[in-house]
K.L.:
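This is the structure I have questions about; it appears just below.
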Amino acid sequence: MGKHIFLIGFMGCGKSYWGHLLAERLNRPFVDLDALIETREGKLIADIFGSEGEDAFRIIERNTLHVLEQMTASIVAVGGGTPCFFDNLVWMKTHGKVFYLKTPVAELCRRLKDQRAHRPLLAQMQDDDLQLFIETLLYKRAPFYELADVILENTERQDDLFMAKMERAVAGA
Ligand code: S3P
């Protein structure tokens, strides 16, 4: 099977948003790992966390990631935690190229403030605690993210500039 392009990064960095657009541009299928998990399990991610807990979710997540081995080369948006558990990052690097969408903390906070409901790790978080939570979790996860094949800093003011940056990076990877 062909090589995938994996988009990794913190919740709210735009993996699904950019993944969709990139897939359209490159005429490749788009896969959202969270959506694939929900389809295969017949449950929302939040319900899996709620009924089975995070450890069980991480096992399901890894098993679902491995399903991609049988799929044609796609653009794949994985979950914010995916590269940080088991050997998922090495697996992704073996089965494709990994791109880290690096986004400033302030921007993550701004976006995640309004997107807490369907994210089990954030659902109970109060406004005042959100920034510290994001900074702390990002501090733990950044060492994994930074091992990506390509780091794409999303500091562009315009979407089309970032898209062009992504396309150049994919062509050169
Ligand atoms: C998670 C991120 C979520 C989802 C789950 C856990 C995380 O995906 O996989 O809620 O651990 O960061 P997004 O990054 O697409 O929100």
Side-chain angles (χ1 to χ4, degrees), residues 4-23 29-68 71 74-92 95-96 98-127 129-148 150-154 159 162 166:
H4 297 298
I5 290 172
F6 294 99
L7 302 184
I8 69 168
F10 205 83
M11 288 173 273
C13 74
K15 299 172 296 263
S16 302
Y17 175 77
W18 291 110
H20 263 295
L21 291 177
L22 190 62
F30 171 70
V31 178
D32 184 306
L33 187 65
D34 281 342
L36 187 59
I37 291 170
E38 290 183 338
T39 305
R40 283 170 49 90
E41 298 298 311
K43 278 187 195 172
L44 297 175
I45 301 289
D47 293 336
I48 300 173
F49 265 75
S51 60
E52 296 168 51
E54 180 172 353
D55 290 352
F57 169 76
R58 295 302 171 191
I59 293 171
I60 294 169
E61 180 179 50
R62 180 193 54 190
N63 294 343
T64 311
L65 182 67
H66 289 195
V67 168
L68 293 165
M71 293 181 153
S74 303
I75 311 297
V76 185
V78 301
T82 313
C84 316
F85 289 84
F86 308 114
D87 62 347
N88 292 345
L89 181 60
V90 173
W91 192 94
M92 288 189 274
H95 292 83
V98 178
F99 293 76
Y100 170 28
L101 304 191
K102 190 170 181 177
T103 308
V105 172
E107 181 61 18
L108 294 175
C109 290
R110 198 184 59 75
R111 292 185 199 163
L112 290 171
K113 223 171 183 179
D114 303 322
Q115 300 176 10
R116 274 170 279 189
H118 66 282
R119 289 190 163 94
L121 293 177
L122 305 178
Q124 308 303 325
M125 201 68 46
Q126 302 300 313
D127 277 6
D129 302 329
L130 190 63
Q131 179 159 349
L132 184 61
F133 178 83
I134 291 172
E135 283 171 352
T136 308
L137 190 56
L138 184 58
Y139 182 78
K140 287 187 200 150
R141 289 182 170 182
F144 294 94
Y145 296 156
E146 303 272 347
L147 291 172
V150 179
I151 298 175
L152 285 167
E153 298 224 25
N154 190 355
D159 274 13
F162 187 62
M166 280 183 86

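Side chains included, hydrogens not; waters and symmetry mates left out as well; all remaining heavy atoms used. For ligands, and for the atoms within them, numbers begin at 1 and follow the listed sequence. Keep in mind it's a predicted model, so treat the numbers as computed, not measured. Start at 1 with the first residue, then count along the sequence.
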K.L.:
Between the side chains of Y100 and N154, is a donor N or O closer than 3.5 angstrom to an acceptor N or O?
P.N.:
no
K.L.:
What part of L121, side chain, backbone, both or neither, has a heavy atom within less than 4.0 angstrom of ligand 1?
P.N.:
side chain
K.L.:
Quick one: which of L138, I45, T82 has a heavy atom closest to atom 5 (C) of ligand 1?
P.N.:
I45
K.L.:
Pairing donors with acceptors under 3.5 angstrom, does anything connect the side chains of D32 and S16?
P.N.:
yes
K.L.:
Pick one: which of F30, Y17, F99 meets side chain to side chain contact (heavy atoms under 4.5 Å, CB included) with L7?
P.N.:
F99
K.L.:
Closest non-hydrogen protein atom to atom 8 (O) of ligand 1, residue and atom name please, with distance?
P.N.:
D34 OD2, 2.8 Å
K.L.:
Does ligand 1 have an atom that lies less than 4.0 angstrom from a heavy atom of R141?
P.N.:
yes
K.L.:
With a cut-off of 4.0 Å, which atoms of ligand 1 are near a heavy atom of F57?
P.N.:
9 (O)
K.L.:
Between W18 and F162, how do the two ring planes meet: parallel, tilted or perpendicular, split at 30° and 60°?
P.N.:
perpendicular
K.L.:
Classify the contact between R119 and ligand 1 as side chain, backbone, both or neither, using a heavy-atom distance cut-off of under 4.0 Å.
P.N.:
side chain
K.L.:
Looking at ligand 1, does any of its N/O atoms fall within less than 3.5 Å of an N/O of G80?
P.N.:
yes
K.L.:
Please determine if D127 and R116 form a salt bridge, counting it only when a charged side-chain N lies under 4.0 Å from a carboxylate O.
P.N.:
yes
K.L.:
Under a plain distance cut-off of 3.5 Å, with no hydrogens placed, do R111 and Q115 share a side-chain donor-acceptor pair?
P.N.:
no
K.L.:
What is the ring orientation for W91 with H95, classed by angle as parallel under 30°, tilted 30 to 60°, or perpendicular over 60°?
P.N.:
parallel
K.L.:
I need the contact type for R58 against ligand 1. Using non-hydrogen atoms and a strict under-4.0 Å cut-off, is it side chain, backbone, both or neither?
P.N.:
side chain
K.L.:
Identify, by atom number and element, the atoms of ligand 1 in contact range of P120, meaning under 4.0 Å from any of its heavy atoms.
P.N.:
10 (O)
